[in-house]
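Presented below is the structure to which this report refers.
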Amino acid sequence: MYCHHCGKKRMDDAIYCSQCGRRLAADEEALVAADAPMIAGVSEIAASSETEAVNSPSFRSNGKRSKGGSLWSWLIPISLALVMAASVFTYYKYQLSINDKVIRLQNEAKTEALAGKYAEALALLKEAANDRPKFTALRKDALIIAHAAEQERAAEAASKQLEENNLSEAELALIKLKDELKGHTEPIYARVREKLTALNDKLGIMKLTDELADLVTVDELAAKLSIASHLDSEDAVSIREQLVEKIVNISLVEAEALLKKKNYTEALAVTVKALTFAKEDDRLVSLENRINNAQAQYEKSEQQRLEQAMQKEAAEDLKNQTAAVDVIHIKTTLDENGDVYIEAELKNVATRPIYSVKIQYTVLDKGGKEVAKGKAAVLPDYVEPGENMSFKEAVKDVHMEDTTVIVDHITWYLD
């Protein structure tokens, strides 16, 4: 509704106009107000006639009528006043009927406009304006209805663009339509707004459908799924299901590949992420259980392997510390001077290199009696694991055949 003084749009329950500050009236009151000067003028004429009758020469002398005056001298003015009053009342009733008609036509126009019958609504407002051309509210309503009709046609044009799969043109048309509707909260625009929402949903679905084949990662699909979640139609439900299914399939392949590589943490992360989009998917739930079981078994095996490795390492370390050198053979030779020559070959059986190997030995006769003791340095000084080493030593003045040499003690350093 609009202020009947300045034409500014107003709320239905407003009392004063926010533009001009004057008190607002209902539509019917506004129409009566528009006719008030005319009615007042007629009433004034009637009152003037009655006054002239009272002030006539025949009506004087201390309020008494002249004896010579005729009955007609006061009856005619009174009759004239009554006729004028009747005319005013008749004219007033006529104007009220016109007002009723205008208001009825205005309400009918609103009803037609809300039903989308804009041409019929404009025709009714035109008919009302013919009776009340100065009623500003009619012109305001006509402008709004014409604007709504124009936006309805724009929505139909955008719909046709979508049907022809001209998505770019349709998108531009819908953006323009949205801009046109900004600030218009009148009920007449509800139909166009509903169409705009439906067309935007349809555009979104068509764009997602075209892009679906090119989406190859879960993140890309998740982004489009977020867009689809704001669309409200049966087609939107279908596209969401397609997006979720593709997310599940990609995740299953990726997680299986990671599982084969025993990359359980990443495989589980991929599966859990996919489950946020398809919480009750049996394939994902089954895969999650398999990954958890495989990870638990692997961790158990790894624990056993580590324990065995630690035991082996401890055994090797003990061997390296206590039995790094094996004596392969020792040979003794007695020369003509009675000296015994010792030649020995040894081996590094440790798992690490050793160096500075020293030997302490004892020479025994054939009865096992000690003949001599000695020390010798092994060559080479630095020996890698598995490599051989040796020493040669001479014991003077033994003068005995069949002597033997036993190694009493060996020392070394681990690298």
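What you are looking at is a predicted structure, and each value in this text was computed from that prediction instead of being measured.
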message: Among residues at least two apart in sequence or on other chains, which ones pass salt bridge (Lys or Arg N to Asp or Glu O under 4.0 Å) with Glu120?
response: none

side-chain hydrogen bond (donor to acceptor under 3.5 Å, both in side chains) contacts in which one or both residues fall within residues 227-239, not counting sequence neighbours: Ser238-Gln242

field: Check ion pair Arg352-Glu316 (N to O, under 4.0 angstrom)
entry: no

Donor-acceptor pair, side chain of Asn348 and main chain of Gly386, under 3.5 angstrom: no

message: Test of understanding: with salt bridge (Lys or Arg N to Asp or Glu O under 4.0 Å), list the residues that count as partners of Asp282, not counting sequence neighbours.
response: none

message: Taking salt bridge (Lys or Arg N to Asp or Glu O under 4.0 Å) as the definition, give me every residue that meets it alongside Glu150, ordered by chain and number, with sequence neighbours left out.
response: none

field: Ionic contact status for Lys176 with Glu180, cut-off 4.0 Å
entry: no

message: Between Lys207 and Glu171, does any NZ, NE, NH1 or NH2 come within less than 4.0 Å of an OD or OE carboxylate oxygen?
response: yes

Side chain Asp281, main chain Leu275, donor-acceptor under 3.5 Å: no

- prompt: Using a distance-only test with no angle check, is there a side-chain donor-acceptor pair under 3.5 angstrom linking Asp141 and Gln106?
  reply: yes

task: For Arg191, enumerate each residue passing the salt bridge (Lys or Arg N to Asp or Glu O under 4.0 Å) test, keeping only those at least two apart in sequence or located in another chain.
output: Glu152

- request: Establish, from distance only, whether the side-chain atoms of Lys373 and Thr362 form a donor-acceptor pair under 3.5 Å.
  value: yes

query: Does any N or O in the side chain of Asp317 come within less than 3.5 Å of the main-chain N or O of Glu313, such that one atom is a donor and the other an acceptor?
result: no

message: Run the side chain to side chain contact (heavy atoms under 4.5 Å, CB included) test against Ala121 and tell me which residues pass, sequence neighbours left out.
response: Ala109, Glu112, Ala113, Ile145

